[in-house]
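See structure below.
Per chain, numbering begins at 1; letters A, B, ... match sequence-line order.
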Protein chains: 2
Amino acid sequence: MYAAAQPKEQSFQPAEDVARTQISAPHLVATYKAGREIYAEGDLIEKCYQVSTGAVRVYRLLSDGRRQVVSFHLPGEMFGFEAGSNHSFFAEAVTETTLAVFGRRHMQERSRELLALALTGMARAQQHLLVIGRQCAEERIAAFMVDLCERQGGGRQVRLPMLRQDIADYLGLTIETVSRVMTKLKERSVIALRDAKTIDIMKPDALRSLCN
Amino acid sequence: MYAAAQPKEQSFQPAEDVARTQISAPHLVATYKAGREIYAEGDLIEKCYQVSTGAVRVYRLLSDGRRQVVSFHLPGEMFGFEAGSNHSFFAEAVTETTLAVFGRRHMQERSRELLALALTGMARAQQHLLVIGRQCAEERIAAFMVDLCERQGGGRQVRLPMLRQDIADYLGLTIETVSRVMTKLKERSVIALRDAKTIDIMKPDALRSLCN
DNA sequence: CGAGGAATTGATAATCCTCAATAGCCGTGG
DNA sequence: CCACGGCTATTGAGGATTATCAATTCCTCG
């Protein structure tokens, strides 16, 4: 079900909120190269995961290839639990990624903690619905950057581990629109691009006010 | 917190899936007139609810008044549980609605069942993300009708208890677009409108294939 | 240094929104 | 019972945002 599993030492991020809480000892730690599948739509749900290093995208496909990225998961965050017995989504490593893997039994024993995680996941998805359903391209991208910034500790510098196509598929846009909006934000000096995957937030208040 | 609460007899729909499971004896039954608030953003989370008759919309607002309806709840379905201690959403009765109300203590005692409900809620929200993020107006409305149809038992006739504005805010569209798409589906005889709130699905397969 | 993928930029097109007017429905009250 | 008022829904015209297609440019990595 996963490639290159290598039991080894792990180090978790400090717990900051419920979504980052370690729920029980992991069975093992697995490493995935960029782009590798962690699970696929239809796979039996047997495990849940906590990102140790790297980043993960969870997404769904339409028959004609259109893709909706439902969530990204950064170090310390958990994913992999879903309703039913089979996955409805795909999960892939965005970059080289290390995961702590928890077995199904642990999940059943910890339904209480999982409830909080599931509720947090629902809240995230619903917040995301508002962004995609009712905000324009600029607002979506501002919201995305603010969200990533907060999940990375709130500093000025934000790392975008994912490709533009991932961002576009997460926000319901095209890569061209993502690129154009970022250029406009750069021209207004709201942000600066150190390189394509590293942005500096020059005007945090301006960025936040763009989110509405 | 709610208006016009009147303890009285209740009758639940037959349980069809986990989202329709009765989780414990209700504390009371409350009735709301169309448009009445059930809870507001910021309210303490103290209860959860099961629709007995009528329909409920759960939504969120942007500061400028834009609204995203996150979910509708039909008879038999539960809602009201969220992450954290305060509501992030508003809930209102769409039409005259009767609810079974469960107290916080029941929820804590039944975290197992609530986990399933939370996971189902997350799955619904994520499916909804795909619809809004990556499907065109016609696909969104087809998906909406198919979803409603299935939740109403799968017959040919579908009841739309909500206003066009509710549908638009649920699908990330405007009322005009909703109206135009429905007219087009009517012209193609995929559906027929008995009246504005009652549709007959004339070509179920065609409708389903429009969802992709 | 070269090759290939990723990102940006440009020109044009399509979808959906906005604004505006008309039509339909429902309940109230004469 | 019918007429009126108000809200809801539909339809139309024009415009804006975002998508599509195409061409560079930039980066990364071998």
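If you take CG of Leu173(A) and C1' of dA7(C), they are 16 Å apart, rounded to a whole angstrom. Atom-to-atom, CD1 of Ile175(A) to P of dA22(D) comes out at 14 Å; the value is rounded to the nearest Å. Atom CD in Gln165(B) sits about 11 Å away from atom P in dC17(C), given to the nearest Å. Arg140(A) places its CZ atom 10 Å from the C1' atom of dT17(D), with the value rounded to the nearest Å. Spacing between atom CZ of Arg180(B) and atom P of dC16(C) amounts to 11 Å, rounded to whole angstrom units. Leu193(A) places its CG atom 10 Å from the P atom of dT9(C), with the value rounded to the nearest Å. Rounded to an integer number of Å, the gap from Gln135(A) CD to dA16(D) C1' is 18 Å. Straight-line distance from the CE atom of Met182(A) to the C1' atom of dA7(C): 10 Å, rounded to whole Å.
Taking 4.0 angstrom as the limit, Thr174(B) places none of its side-chain polar atoms (N or O) nearer than this to OP1 or OP2 of dC16(C). Taking 4.0 angstrom as the limit, Thr183(B) places none of its side-chain polar atoms (N or O) nearer than this to OP1 or OP2 of dT10(D). Taking 4.0 angstrom as the limit, Arg164(B) places a side-chain polar atom (N or O) nearer than this to OP1 or OP2 of dT10(D).
Salt-bridge formation is detected for the pair Glu139(A)/Arg66(B): a Lys NZ or Arg NE/NH1/NH2 atom is positioned less than 4.0 Å from an Asp or Glu carboxylate oxygen.
Each of Ala196(A) and Arg134(A) was assigned the nucleotide of DNA chain C with the nearest heavy atom; the assignment lying further toward the 5' end belongs to Ala196(A).
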Audit row: Arg60(A), Asp169(A), salt bridge (Lys or Arg N to Asp or Glu O under 4.0 Å) steps and yes/no = CA-CA 10 Å; Arg60(A) 197 157 177 189; Asp169(A) 288 346; over 6 Å; no
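The side chain of Thr177(A) has dT18(D) as its nearest neighbour among dT18(D), dA6(C), dT11(D).
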Taking protein heavy atoms under 4.0 Å as touching, what does nucleotides 24-30 of chain D look like 5' to 3' if B marks base contact, S marks sugar-phosphate-only contact and - marks none?
-> -------
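Sparse packing is recorded around NZ of Lys33(A), with 12 or fewer heavy atoms of other residues, nucleotides or ligands lying under 6.0 Å away. Within 6.0 Å of NZ in Lys197(B) there are more than 12 heavy atoms belonging to other residues, nucleotides or ligands.
Ring geometry, Phe144(B) versus Tyr170(B): the interplanar angle falls from 30° to 60°, so the pair is classed tilted. Between Phe79(A) and Tyr49(A), the ring planes lie parallel to each other; the angle is under 30°, not in the 30° to 60° tilted range.
A donor and an acceptor atom sit less than 3.5 Å apart, one in the side chain of Glu176(A) and one in the base of dC21(D).
The two residues Glu92(A) and Arg57(A) have their closest heavy-atom pair at OE1-NH2, 2.7 Å.
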